[in-house]
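The block underneath contains the structure these notes are about, expressed in structure tokens.
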Amino acid sequence: MKKRLLPLLLACLLLTACGEQNPEDMWAPWVPEAPSLDLVQTSLDGLTVPEGVKVVGLGEASHGVKEYQEMKGAVFQALVENNGCRSFIIEGDFGSAIAVDEYIHGGEGTAQEAANQIGFRIYQTQEMADILTWMRQYNETAPEGEDLHFYGMDIQWADASKDYLFRVLEQVPPELGEEFQVFRERLEFLNDDDMFDLTAQEFEQGTAVVQELLKAMDAAQGEMTAAVGERAFAFARECAHSLSECCTVRGASNLQYNELRDIFMARKVQWYLDQGDGSLLFINGHNGHIAKEGETTYTSLGENLWIDLQGAYFAIGTNAAVTAYNAQGEDGSFTEVTVENNDPLTRLATELKQDQGALWYYADFSAVRKDPNWGKLLSQTWSMTSLNVGVSILNTGRIVPEKAYDGMIVFDTVSPTTLKLDE
């Protein structure tokens, strides 16, 4: 992730809400005793979401963490088994994820090569490859119509969307194909290598060209769907729409960049809902994107989904007492960084590890709220770890847990991902 990507969330270490308070007295100011750990889960076998939920979001308090990447696979598997979920949607490039979906449906290459196509180097890991391996193996024996899909919801890059778009357009009748190839030439300037060198005027030009292309595709929809099928046409058209969104975001000011990006990611999730068969969608991204309230200074993806879907959106956050993660520098290289956060939720994870040896717990807020001390904890404001890609510090993670999430997975200690760069 290069410059300007999530500038308001870049690698912030959030300070403990309790300051210099003695840990032994942490509970005293607001509850008579520590919340009971009897109501939390240390296994995801029984994880399920309420009837009527259409989208489950899983956040990660930091990119570059091994356990968070493993957890997204574990949560997805539980939702597949317990709630009939069949779509994994990641904070990754829309066009690039199409190739990953082709891989888990028997496409060529390796799982690591597929992971490397997601769009960001933070996903070039063994943990991500393991998720794709499981999805591919699942699809080998899945009944027709119950296969799994891997999708992306981000719109910051152009090349993969252009590649799929024009690959589909090459399959239309020759008289249409010639018209569409002109658009390929007109969009040649919009590419990933030059993305940071383009001007706002050039991005405006790109938007205008894409809008012309979309009109031409819509006018020829009948002939195109007859040639390539409805699904291929729909994804090609959405690739074109992604190019327009990319131009809009890249040409925006720093103040607009993040809000527009999350608006477009929320629109992508809605598009997947419209294209789907009614089964549950699983989305994954940084906590700041997934939270329903409180993590950002702008309206986030999660907030947009909560506004649109209300109780049909279920958000799960993550946190850790000690976070060791792979922080990415401006040159693309990675450095291991360790930070600590001592809030009541992470203190409970540390106590659980000391007492039972559990490395994490899942608190479903609807269940743990039965304990009045949990209710008090969840209704107060706490600082949560919020580390993204880089190493800069920004205190922007104070949230009220019950307003931000429907549940949280909290670790005592997490470690850096197993990088498999450019393999």
Side-chain angles (χ1 to χ4, degrees), residues 86-109 114 117-119 145 147-192 195 203 205-250 261 263-277 281:
R86 291 198 284 275
S87 297
F88 187 119
I89 305 173
I90 201 167
E91 182 194 343
D93 182 55
F94 178 84
S96 298
I98 295 175
V100 182
D101 191 58
E102 291 173 349
Y103 169 76
I104 66 169
H105 284 87
E108 297 181 356
Q117 294 186 72
I118 296 174
D147 53 316
L148 305 180
H149 289 279
F150 187 95
Y151 298 130
M153 59 182 170
D154 211 345
I155 39 75
Q156 298 180 96
W157 305 105
D159 286 354
S161 288
K162 284 203 304 182
D163 288 346
Y164 183 83
L165 168 63
F166 288 106
R167 176 160 42 114
V168 170
L169 293 178
E170 287 173 354
Q171 302 174 49
V172 303
E175 61 273 17
L176 289 175
E178 293 179 8
E179 175 187 358
F180 288 133
Q181 291 313 307
V182 173
F183 287 101
R184 184 198 293 267
E185 297 172 6
R186 294 176 66 188
L187 288 170
E188 187 174 353
F189 74 94
L190 183 65
N191 62 79
D192 293 354
M195 191 66 73
F203 285 122
Q205 175 190 344
T207 300
V209 173
V210 173
Q211 292 305 313
E212 287 184 49
L213 173 56
L214 284 166
K215 289 181 180 179
M217 292 178 68
D218 289 343
Q221 181 174 351
E223 295 167 277
M224 290 188 63
T225 54
V228 302
E230 292 184 2
R231 178 180 171 83
F233 173 82
F235 272 83
R237 190 185 187 285
E238 194 60 23
C239 279
H241 205 125
S242 296
L243 295 175
S244 177
E245 293 168 331
C246 175
C247 288
T248 300
V249 167
R250 292 291 187 183
R261 179 175 171 235
I263 287 172
F264 292 147
M265 286 199 292
R267 181 196 167 278
K268 279 287 185 286
V269 175
Q270 186 60 59
W271 184 82
Y272 287 122
L273 280 173
D274 294 341
Q275 293 292 313
D277 58 3
L281 302 185

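No hydrogens, no waters, no symmetry mates; every other heavy atom, side chains included, goes into these values.
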What pair of heavy atoms forms the shortest contact from [X] to [Y], and how long is it?
| X | Y | value |
| --- | --- | --- |
| I89 | L281 | CD1-CD1, 4.0 Å |
| H105 | D147 | NE2-OD2, 2.6 Å |
| A227 | Q171 | CB-O, 3.8 Å |
| G145 | D277 | O-OD2, 4.2 Å |
| L187 | G206 | CD2-O, 4.1 Å |
| D93 | G119 | CB-CA, 4.4 Å |

Distance, nearest 0.5 Å, that separates [atom1] of [X] from [atom2] of [Y]:
| X | Y | atom1 | atom2 | value |
| --- | --- | --- | --- | --- |
| E230 | M224 | CD | CE | 12.5 Å |
| I104 | E102 | CD1 | CD | 10.5 Å |
| S161 | I98 | OG | CD1 | 6.5 Å |
| K215 | L213 | NZ | CG | 12.0 Å |

Min side-chain heavy-atom separation [X]-[Y] under 4.5 Å:
| X | Y | value |
| --- | --- | --- |
| H149 | Y272 | no |
| M217 | F183 | no |
| L165 | L243 | yes |
| T248 | F203 | no |
| R250 | W157 | yes |
| Y151 | W271 | no |
| F150 | I118 | yes |
| M195 | L190 | yes |

Check: Checking side chain to side chain contact (heavy atoms under 4.5 Å, CB included) for the pair C239/V168: CA distance, chi angles, key distance, verdict?
Finding: CA-CA 11 Å; C239 279; V168 170; over 6 Å; no

Note to self: Can you tell whether the side chains of K268 and D154 come within less than 4.0 Å, N to carboxylate O?
What the structure shows: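 Judged by the 4.0 Å cut-off on N to carboxylate O distance, K268 and D154 do not form a salt bridge.
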
Checklist line | Atom CD of E175 with >12 non-hydrogen neighbours under 6.0 angstrom | finding: yes

Notebook entry, point to check: Counting distance only, does the side-chain N/O of S96 pair as donor-acceptor with the main-chain N or O of Q117 below 3.5 Å?
Noted result: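 Indeed, once roles are kept as given, a pair shorter than 3.5 Å links the two residues.
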
Note to self: I need the full list of side-chain hydrogen bond (donor to acceptor under 3.5 Å, both in side chains) pairs touching residues 180-189, with sequence neighbours left out, sorted by first then second residue.
What the structure shows: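 Of all non-adjacent pairs touching residues 180-189, those that pass side-chain hydrogen bond (donor to acceptor under 3.5 Å, both in side chains) are E170-R184, Q181-R184, R186-E212.
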
Check: Under the criterion side chain to side chain contact (heavy atoms under 4.5 Å, CB included), which of M265, E245, Q156, E238 is the partner of F94?
Finding: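 Only one option passes, and that is E238.
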
